[in-house]
2 protein chains.
Amino acid sequence: MRAKDENKEILILESALKMIARIGLAGLKMSDLAKEAHLATGTLYIYFRDKEELIRKLYLYLLRKSSANVIQGILTNEPLKKRVNKICYNFLIYNLEGPEYGAFFEQYYRSPFFHETESVLAEETAVMQPFYELIIEGQRQGIIKETEPELLVTLICGMLETMAKVSFYSQKSISDKEWETIFSIIWDGIKS
Amino acid sequence: MRAKDENKEILILESALKMIARIGLAGLKMSDLAKEAHLATGTLYIYFRDKEELIRKLYLYLLRKSSANVIQGILTNEPLKKRVNKICYNFLIYNLEGPEYGAFFEQYYRSPFFHETESVLAEETAVMQPFYELIIEGQRQGIIKETEPELLVTLICGMLETMAKVSFYSQKSISDKEWETIFSIIWDGIKS
DNA sequence: TTGTAAAATGAATTTTTATTCATTTATATT
DNA sequence: AATATAAATGAATAAAAATTCATTTTACAA
């Protein structure tokens with residue numbers, strides 16, 4: 001007997017992610033993916049029914065990963081500003097270690113693989129839930145601008161995603177000093 | 001005699017843009033594109049050597065279009081804050097009327113069609129040039145934070161692109177009142 | 001050890017998609 | 001109105017990519 005390897009499934013997904021960031025969903029070929037993962041083409045079809053299932057599973061895999069990352073180390077008893085800082089930082093780091101993540105989502109949402117019929121939508125919004133709640137709490141305390149929380153979260157995430165992208169492509173990492181600046185821009189922007 | 005139609009070339013490019021925003025570069029088929037543009041498949045090959053040339057020309061077409069839009073109506077004698085507001089607004093409007101634009105660039109840069117060897121890079125940076133210059137002027141006047149202009153422009157564009165995207169998908173337009181809020185967030189963020 | 005069931009392989013096949021081209025249609029010029 | 005020249009057509013063909021499957025390899029159980 002021989003067991004189907006859970007790690008191999010992840011190896012394939014991570015390889016796919018890497019390739020998609022490089023050559024795009026449009027350029028992803030099963031044969032190239034197999035090469036990247038040091039496997040034969042046919043092997044891919046042992047782990048995934050077809051290309052569509054592979055891409056779909058990659059989506060779910062990344063969604064869960066990001067959800068887990070963003071809320072890491074947020075302590076309820078810290079001051080709000082500190083918690084906002086932390087969640088922003090987590091979001092940035094997550095996007096930094098893989099701007100592939102953002103790139104993938106961007107492409108996935110406008111691809112033949114994505115159909116809204118999926119029951120993933122709940123899981124999707126869940127990823128950002130802790131962020132919303134923090135903003136709302138800040139508004140209740142009168143610390144944060146009384147604008148739609150969605151608007152604020154959207155602006156912040158947009159900024160951070162873009163930051164991560166630029167930092168990645170310019171090969172420059174973001175120092176603590178720079179993070180201070182970035183966060184002050186964010187905070188000055190949203191505080192009331 | 002019969003003349004090759006300049007408008008038809010643009011019709012094809014605009015159709016491609018629309019389709020790419022919907023189904024992605026990964027999903028774009030020449031036959032579907034022909035249908036969208038109400039043409040026969042073969043006709044596409046009268047205006048473009050092949051798919052690659054079509055996509056490349058779409059890129060250049062959009063680059064020029066955006067460059068022209070962003071600097072529209074900026075008057076040198078107005079106060080700096082007003083000019084920053086104007087350029088941000090132009091950028092937002094441009095991205096609003098077509099979040100397809102952002103979507104296309106995003107996908108193009110990670111596709112088999114994009115090779116850095118192109119001499120387009122100059123044209124590319126030219127698009128954002130007026131933005132940089134405005135920020136630098138603000139820093140000279142001591143009005144704007146003394147951070148790398150690139151960082152600031154990046155943050156702002158990231159925010160605005162994201163805003164445009166969300167506004168588009170939520171089918172909600174951005175009112176003057178809301179623009180005031182958004183711009184105050186931006187301005188409070190970058191002012192020194 | 002040895003038998004065996006599942007995983008891995010990659011060439012062969014099928015499917016999809018891009019591209020061509022012989023034919024038809026439209027328009028500018030005479 | 002007749003002619004010529006280029007655009008438009010879309011079925012036929014070529015090219016590219018996905019998927020299958022007969023065969024080989026691997027790892028576990030007896």
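Here the structure is a predicted model, which means the values were calculated and not measured. By convention in this document, chain letters (A, B, ...) are assigned in the order of the sequence lines, proteins followed by strands, and residues within each chain are numbered from 1.
For Ile46(B), taking side-chain heavy atoms from C-beta onward, the closest of the listed nucleotides dA8(D), dT20(C), dA8(C) is dA8(D). Considering only side-chain atoms of Tyr45(B), the nucleotide from dT19(C), dT19(D), dG10(D) that sits closest is dT19(C). Which of dA18(C), dT19(D), dT9(C) sits closest to the side chain of Leu39(A) comes down to dT9(C).
We find that NZ of Lys29(A) is positioned 9 Å from P of dA16(D), with the value rounded to whole Å. A straight line from CG of Asp50(A) to P of dT16(C) spans 12 Å, rounded to a whole angstrom. Between Lys51(B) atom NZ and dA18(C) atom P the separation is 4 Å, expressed in whole Å. Computed from coordinates, the Asp32(B) CG to dA18(C) C1' distance equals 12 Å when rounded to whole Å. Atom P of nucleotide dA7(C) and atom CD1 of Ile12(A) are separated by 12 Å, given to the nearest angstrom. When the P atom of dA18(C) is taken as reference, atom CD of Glu53(B) falls 16 Å away, rounded to whole Å. For the pair Met30(A) CE and dT20(D) C1', the computed distance is 12 Å after rounding to whole Å. In this structure, Lys35(B) atom NZ and dA8(D) atom C1' are separated by 17 Å, rounded to whole Å.
Across all strands shown, Leu54(A) has no heavy atoms under 4.0 Å from either base or sugar-phosphate atoms.
Separating the CE atom in Met128(A) from the CD1 atom in Ile87(A) is a distance of 7.5 Å, to the nearest 0.5 Å. Put simply, CG on Leu28(B) and CD1 on Ile23(B) are 9.5 Å apart, with the number rounded to the nearest 0.5 Å.
For Tyr47(A) and dA8(C), the shortest distance from a side-chain N or O to OP1 or OP2 is below 4.0 Å. Taking side-chain N and O atoms only, Thr43(B) has a distance below 4.0 Å to OP1 or OP2 of dT9(D).
A donor-acceptor pair under 3.5 Å is absent between the side-chain atoms of Asn95(A) and the main chain of Ala164(A), judged by distance alone.
In this structure, Leu28(A) and His38(B) both approach DNA chain D, and ranking their closest nucleotides by distance from the 5' end singles out His38(B).
Using bins of under 30°, 30° to 60° and over 60° for the plane-to-plane angle, the ring pair Tyr59(B)/Tyr108(B) lands in the parallel bin.
Salt bridge annotation for Asp188(B)-Lys145(A): present, with a cationic side-chain nitrogen under 4.0 angstrom from a carboxylate oxygen.
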